[in-house]
Amino acid sequence: MNNNNKSEIQKAYDDVRDDKTETNWMLLEFSTTKKDELQVASTGSDGLTGLVKNLKQDSAAFGYIRMVMANDEHSQRTKFVFLTWCGPQTPLMRKARLSVQKADVKNVIGAFSIEIAASEISELQEENILIQLKRAGGANYDRQTSGY
């Protein structure tokens, strides 16, 4: 990861983690197809839907999402999701270097409940991600009605 953008990425990460802000996702993309320099491509307050709208079929990216899940009507918990996106038309060399770059990104984005690797938009259904978060979240007192 290029150190020139590290502070910008850290600021966006802190913004998503802050419950006092409306920002609940960020998307990191490579500045060019040739360089491994990441930059904050976009942020938003419209959750997973907003992040998914910004994913490109011909690129790789990293996403970070704050999601609120509820086990029952009385308890809500904030959980974070780390996304590695590799669109189906991503150039081969970018795909090959993605795992190394992911390790660098995780040096900044360190706190998340689950990690998702996706290459198709259909893999990013909110209902499925919430089920994964519940499974990773420990105690689930409404297990009888949750369907997992």
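On a predicted model such as this, the values are computed, not experimentally measured, just so you know. Values below: every heavy atom of this structure, side chains too, minus hydrogens, waters and symmetry copies.
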- Query: Which of these, L28, V52, I121, L51, sits in a side chain to side chain contact (heavy atoms under 4.5 Å, CB included) with W85?
  - Reply: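 Passing option: I121.
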- Using atom types as modelled and distance alone, determine if a side-chain donor or acceptor of N24 lies under 3.5 Å from a backbone N or O of G47.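 A pair under 3.5 Å: yes.
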- Task: State whether the side chain of R66 and the backbone N or O of D18 hold a donor-acceptor pair below 3.5 Å, judged by distance alone.
- Result: yes
So, using side chain to side chain contact (heavy atoms under 4.5 Å, CB included) as the criterion, who are the partners of [X] when residues are at least two apart?
X: D14; answer: Q10
X: Q39; answer: N5, S31
X: A111; answer: Y13, R17, Y64
X: A12; answer: M26, V40, T43

Taking the side chain as C-beta and beyond, is there a heavy-atom pair between [X] and [Y] under 4.5 Å?
X: I65; Y: I129; answer: no
X: L83; Y: L27; answer: no
X: Q132; Y: I116; answer: yes

Quick one: side chain to side chain donor-acceptor pair (under 3.5 Å) partners of [X], sequence neighbours excluded?
X: K95; answer: none
X: T23; answer: D15
X: D46; answer: W25

- Task: Report the residues that fulfil salt bridge (charged side-chain N to carboxylate O under 4.0 Å, His left out) with K56, sequence neighbours left out, ordered by chain and then residue number.
- Result: E29
Distance (rounded to the nearest 0.5 Å) between [X] [atom1] and [Y] [atom2]:
X: K134; Y: R77; atom1: NZ; atom2: CZ; result: 9.0 Å
X: L98; Y: D36; atom1: CG; atom2: CG; result: 10.0 Å
X: I114; Y: K79; atom1: CD1; atom2: NZ; result: 10.5 Å

- Message: So for atom CD, which belongs to E22, do other residues, nucleotides or ligands contribute more than 12 heavy atoms lying within a distance under 6.0 Å?
- Response: no
- Task: Test side chain to side chain contact (heavy atoms under 4.5 Å, CB included) on L55 and L124 and set out the steps.
- Result: CA-CA 11 Å; L55 297 175; L124 299 172; 3.6 Å; yes
- Where at least one partner belongs to residues 99-130, residue pairs that pass ring-ring contact (aromatic ring centres under 6.0 Å, His included), sequence neighbours excluded: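 The answer is F82-F112.
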- Where is the tightest heavy-atom contact between Q101 and F62, given as atom of each residue plus distance?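 Smallest heavy-atom distance, with atoms named: C-CZ, 4.1 Å.
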- Message: Please give me the minimum heavy-atom distance between T90 and A60, naming the atom from each residue.
- Response: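 Here T90 and A60 meet closest at OG1-N, 3.9 Å.
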- The complete set of side-chain hydrogen bond (donor to acceptor under 3.5 Å, both in side chains) pairs with one or both residues in residues 111-130, sequence neighbours excluded, reads K102-E115, K106-E115
